[in-house]
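Working notes for the structure below.
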Amino acid sequence: MAENVTSLFRSTAAHSPSMAALTRAAGDGAGPIDFCIPVNPYFPTPGMWDEMAGRLRDIITYYPSGADTITAELCNLLQLPPQAVAMGNGSTELITWIDHLLVRESLAIPVPTFGRWTDQPMETGKRVDMFPLQESSGFALDLAQYAEFIRARGTRAAVICNPNNPDGGFLHKHAIVQFMDAMADLDLVVIDESFLEFADAEAEPSVVQEAMLRPNVIVLRSLGKNFGLHGIRFGYMVANPALAGRVRSMLPKWNLNAFAEYVVFMLKEHGAEYAQSLQQVRRDRLDMSSQLSALPGLTVYPSQGNFLFVRLPVGAEGTVVRDRLLSEHRILVRECGNKIGSSSRFLRLVVRPQTDVRRLVSALEQVLYGTRRGAAVPELATGTSYSSGTAAVDRLMSNGVGMPLAAQAMAAAPMPSAPVPVPAEPQPVAAQPFAPQPVVPQPVVPQPQPMPMPTPVAPQPMPAAPAAAAQSPYGAPGGGPTPPGVPARGGLTAAQVRGTNGLTPAPAQGWPNSGAWPNAAGA
């Protein structure tokens, strides 16, 4: 695999090769340890796997029931009215139909985030207004500023991912409900809760009940991620019955496969095991964050998802780290250089059992600080060409001659310079079998320290009516909404732009104690 690692990543349109492709490349029938694909490692249980294996022939031989039958069973489990639910062949199918049916001309989305929310509308010719999350505030989303941005741009549809992918940022239910009410005049508001069941910052964080009462709100939920079954491809949306029915009417009769049907019908017997699996993921998240935070120069951001967003030490380049972890240690990670609003300095690492995490930490120690050189590669200089892996995104990000539009925007409206960090005395790291050394001898450079989370700020009122763009930092220089295809002042394409405040992620408050199947609100 060592000789083929780089070509494996370059030859795929996705952010990473599939596990099947990696297993074939290994040549021994064994895939790597997967810290890339964010699924629940504790569900299904071994007994459920045995049951599915025993029924494999019947499952794949015959047609499944229609989607209405499978949806009704899921709704019975989640205590939701079937009229308000549409099930899809993965959340990507639902995102595609939401874009085709309900997004007219423009869509706003904070970045970095799940790539289909940026790529899908651009592929159908929509304007995508990207609101950059700030590294300086831990990538937290300030909903008041996001609402102002939407008004200034004149955007007609808005998306929030809660928790956000890749950083795991979390918003409390009351704040999202306030945002939905402030955006009541938009064509559409989507709350993507694909990873919400891994959160423990709030007892009932979902807004599905509130969405059903509003004519322009959709809540998107994942099943494959929560149940550890990405390959089955199933997810669902909850909305006002009229809105849900419009999407449901466009879906194929057999858009859900027989495996999806079998799993949905066996879930009612395994609610307690599912709840226990979520609790274990949350415990593992705390342990994994603690272990990674002990690595010198590595920054770990607070997360409520089943993954952690980490910034590599200065000088380490993500693609090199990714390739060496895979070729030398058979560990697959998500390097985030092709995520709009991120860079190759960041990795997203899926929460896994402690034995796997220990192997990851040991591998990172060797790749980042070991005697072998080659991990630290200078980052791409400002002005080099950007490649997201999607042509539509590249056209947005580049003016055709390799200069990122974000660089143009920042040149036109420079942001306030950040204070220079003060070098800190190096601290000893417990249980380190080595002494960290600089990868390349160089003059002493201030090293970034783990960033404190911003001080909580009082919620600001959200604009409930269009505001004049001339009064907003997000408007066009001449006033009025920025026209399609033109980056708004301040770098509204996808760059890391500095200067906004964020909401402080809430501390964890424990795990649910109920052994019953969680209801749709996450209780």
Side-chain angles (χ1 to χ4, degrees), residues 38 91 94-95 98 107-118 130-134 137-147 149-150 157-183 186 188-212 214 216-223 225-226 235-239 278 281-282 285 301-309 339 341 348 351 453 456 459 462 502-509 512 518-523:
S91 59
L94 295 172
I95 291 172
I98 288 169
L107 179 142
I109 178 72
V111 292
T113 194
F114 178 48
R116 291 313 301 165
W117 283 121
T118 55
M130 299 182 226
F131 180 77
L133 301 176
Q134 309 306 318
S137 60
F139 296 96
L141 173 60
D142 186 311
L143 285 176
Q145 292 192 8
Y146 184 39
F149 168 81
I150 291 167
V159 177
I160 292 175
C161 295
N162 190 42
N164 189 44
N165 171 13
D167 57 277
F170 176 81
L171 295 167
H172 281 282
K173 179 178 180 177
H174 69 85
I176 294 181
V177 172
Q178 181 187 10
F179 178 85
M180 294 190 308
D181 288 343
M183 300 290 110
L186 296 191
L188 182 67
V189 175
V190 179
I191 311 299
D192 188 338
E193 296 183 346
S194 291
F195 295 98
L196 192 61
E197 295 202 13
F198 296 106
D200 60 358
E202 198 168 9
E204 297 187 13
S206 178
V207 295
V208 291
Q209 299 294 335
E210 290 73 16
M212 289 187 289
R214 290 163 171 79
N216 70 330
V217 177
I218 288 175
V219 172
L220 197 66
R221 307 297 302 274
S222 172
L223 295 174
K225 300 175 182 67
N226 302 337
Y236 65 101
M237 56 166 276
V238 184
L278 296 179
V281 170
R282 294 161 186 158
R285 180 175 63 212
Y301 295 92
S303 172
Q304 282 285 296
N306 63 328
F307 46 80
L308 297 171
F309 197 47
K339 263 191 178 294
R348 185 194 67 195
V351 173
M453 294 309 299
M462 298 181 190
L503 301 175
T504 303
Q509 299 177 354
N519 63 25

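If you read the sequence from its start, that first residue is 1, and numbering goes on from there. These numbers come from a predicted model, not from an experiment.
- The two atoms that bring Phe307 and Gly168 nearest to each other are CE1-N, 3.4 Å, heavy atoms only.
- Remark: Arg348 does not engage Asp167 in a salt bridge, criterion side-chain N to carboxylate O under 4.0 Å.
- In this structure, CH2 on Trp117 lies 11.5 Å from CD1 on Ile160, to the nearest 0.5 angstrom.
- With hydrogens and angles disregarded, no donor-acceptor distance shorter than 3.5 Å links the side chain of Asn306 to the backbone of Val351.
- A distance of 9.5 Å separates CG of Leu107 from OG1 of Thr118, quoted to the nearest 0.5 Å.
- Between the CG atom of Leu94 and the CZ atom of Arg116 there is a distance of 13.0 Å, given to the nearest 0.5 Å.
- Residues that satisfy the side chain to side chain donor-acceptor pair (under 3.5 Å) test with Ser91, not counting sequence neighbours, are absent from this structure.
- Scanning for side-chain contact (heavy atoms from CB on, under 4.5 Å) contacts around Asn226 gives Glu197, Phe198, Tyr274, with sequence neighbours left out.
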Between Asn162 and Leu196, is a side-chain contact (heavy atoms from CB on, under 4.5 Å) present by the stated rule, with each step listed? CA-CA 6 Å; Asn162 190 42; Leu196 192 61; 4.1 Å; yes
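- Separating the CD1 atom in Ile191 from the CZ atom in Arg221 is a distance of 12.0 Å, to the nearest 0.5 Å.
- Contact record, Ala239 with Val217: CB-O, 3.4 Å, taken as the closest heavy-atom pair.
- Taking the side chain to side chain donor-acceptor pair (under 3.5 Å) definition, one finds that Ser194 meets it with Asp192, sequence neighbours left out.
- With Phe114 as reference, Asn165 is the one residue of Asn165, Ile109, Val159 to meet the side-chain contact (heavy atoms from CB on, under 4.5 Å) rule.
- Formation of a donor-acceptor pair under 3.5 Å by the Gln304 side chain with backbone atoms of Gly169 is not found in this model.
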